[in-house]
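Reviewing the structure listed below.
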Amino acid sequence: MKVPFIFVIFVLLAPSVFAESITNQIKSCAGIEPRDNRLACYDQVAASLEHQAAVAFGYEQKLISEEAPQKIDAKIVDIHIGAHEKRFITLDNGQLWKQNDSSRVFWKVGDSVIIERALLGSFFMKPADGGRKLRVKRIK
């Protein structure tokens, strides 16, 4: 009796599986109990990967940017000034960002910053408490 019930659920959910992102599909599978049903959900996600790859062909970058967060919060753990007074800023999450513009800022280690998306795949870094923002590029 359990097998037909599970099959019916998957048949009903199949169209939505293709519409959702892989990340959301995996998250929804993680909460399923018992283990056999959870494994069946993961198998369904794996089976849909090839179809999703074909559907997303040529559209990958847009899908990536839609799933990524619009901003992150972090603290500065190191600031190194390189050539042409460009700053290299290391954050507490391990990321390294390089200043791309010529703005002057007076940030110090321990300051909280927000990195947010800008147009055409670029990023801005600004103090969490407000102030001038820098155009930055992620190095690491």
Side-chain angles (χ1 to χ4, degrees):
M1 186 70 172
K2 286 185 179 181
V3 175
F5 177 73
I6 292 171
F7 180 74
V8 169
I9 289 176
F10 283 119
V11 168
L12 293 174
L13 294 177
S16 66
V17 167
F18 294 125
E20 287 184 77
S21 71
I22 293 170
T23 305
N24 291 340
Q25 291 176 45
I26 292 172
K27 285 179 182 178
S28 68
C29 289
I32 295 176
E33 288 294 334
R35 286 187 283 173
D36 294 337
N37 293 356
R38 184 171 51 249
L39 180 59
C41 181
Y42 286 132
D43 289 343
Q44 182 72 18
V45 171
S48 72
L49 290 177
E50 187 173 325
H51 175 75
Q52 286 187 353
V55 169
F57 183 76
Y59 206 52
E60 296 92 347
Q61 209 55 34
K62 182 165 177 50
L63 294 174
I64 290 169
S65 66
E66 287 175 353
E67 289 184 13
Q70 293 300 309
K71 67 177 185 165
I72 61 169
D73 300 318
K75 284 192 184 273
I76 297 174
V77 294
D78 186 41
I79 299 176
H80 172 75
I81 299 182
H84 308 290
E85 299 294 313
K86 302 286 185 182
R87 286 158 183 75
F88 290 85
I89 302 168
T90 305
L91 303 177
D92 61 351
N93 59 12
Q95 296 177 351
L96 175 63
W97 293 81
K98 177 186 174 194
Q99 176 182 0
N100 270 355
D101 60 15
S102 58
S103 298
R104 292 191 63 180
V105 293
F106 301 99
W107 299 344
K108 57 189 177 305
V109 172
D111 286 351
S112 294
V113 293
I114 297 171
I115 300 170
E116 57 190 10
R117 292 184 177 279
L119 295 175
L120 304 173
S122 62
F123 297 90
F124 284 118
M125 182 182 293
K126 65 180 183 179
D129 57 358
R132 176 174 285 174
K133 49 180 150 175
L134 290 178
R135 186 170 298 275
V136 292
K137 177 181 179 182
R138 185 168 175 188
I139 303 298
K140 178 178 137 191

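Heavy-atom basis, side chains included; hydrogens, waters and symmetry copies ignored. If you're wondering where the values come from, they're calculated on a predicted model, not measured in any experiment. If you read the sequence from its start, that first residue is 1, and numbering goes on from there.
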**Fill in**
Nearest heavy-atom approach of Arg104 to Arg132 is O-NH1, 3.2 Å
**Message:** Quick check against the 3.5 Å criterion: does Arg38 have a side-chain atom that pairs as donor or acceptor with the backbone of Ile32?
**Reply:** yes
**Within-4.5 Å side-chain heavy-atom neighbours: Arg117 and Phe123** = yes
**Request:** Would you sort out whether Val77 and Leu91 count as a side-chain contact (heavy atoms from CB on, under 4.5 Å), showing the intermediate values?
**Result:** CA-CA 5 Å; Val77 294; Leu91 303 177; 5.7 Å; no
**Asked** Once you round to the nearest 0.5 Å, how far does CG of Asp78 lie from OG1 of Thr90?
**Response** 4.5 Å
**hydrophobic_cluster_shared for Phe124 and Ile89, side chain cutoff 4.5 Å** = no
**Prompt:** Same hydrophobic cluster for Ile72 and Met125, using side-chain heavy-atom links shorter than 4.5 Å among ILVMFWY?
**Reply:** yes
**Request:** Answer yes or no: is there a donor N or O on one side and an acceptor on the other, between the side chain of Lys86 and the main chain of Asp101, under 3.5 Å?
**Result:** yes
**Message:** Please check: side-chain N/O of Arg87 versus main-chain N/O of Glu85, any donor-acceptor pairing under 3.5 Å?
**Reply:** yes
**Item:** In one Ile/Leu/Val/Met/Phe/Trp/Tyr side-chain cluster, 4.5 Å: Trp107, Ile114
**Value:** no
**Lys75 backbone acceptor or donor facing Asp92 side chain under 3.5 Å** = yes
**Fill in**
Value for NE2 (His84) from OG (Ser102), rounded to nearest 0.5 Å, stands at 12.0 Å
**Request:** Determine the interplanar angle of the Phe88 and His80 rings, folded into 0 to 90°, and report it as parallel if under 30°, tilted if 30 to 60°, perpendicular if over 60°.
**Result:** tilted
**Fill in**
dist Asn24:CG -> Cys29:SG (nearest 0.5 Å) comes out at 11.0 Å
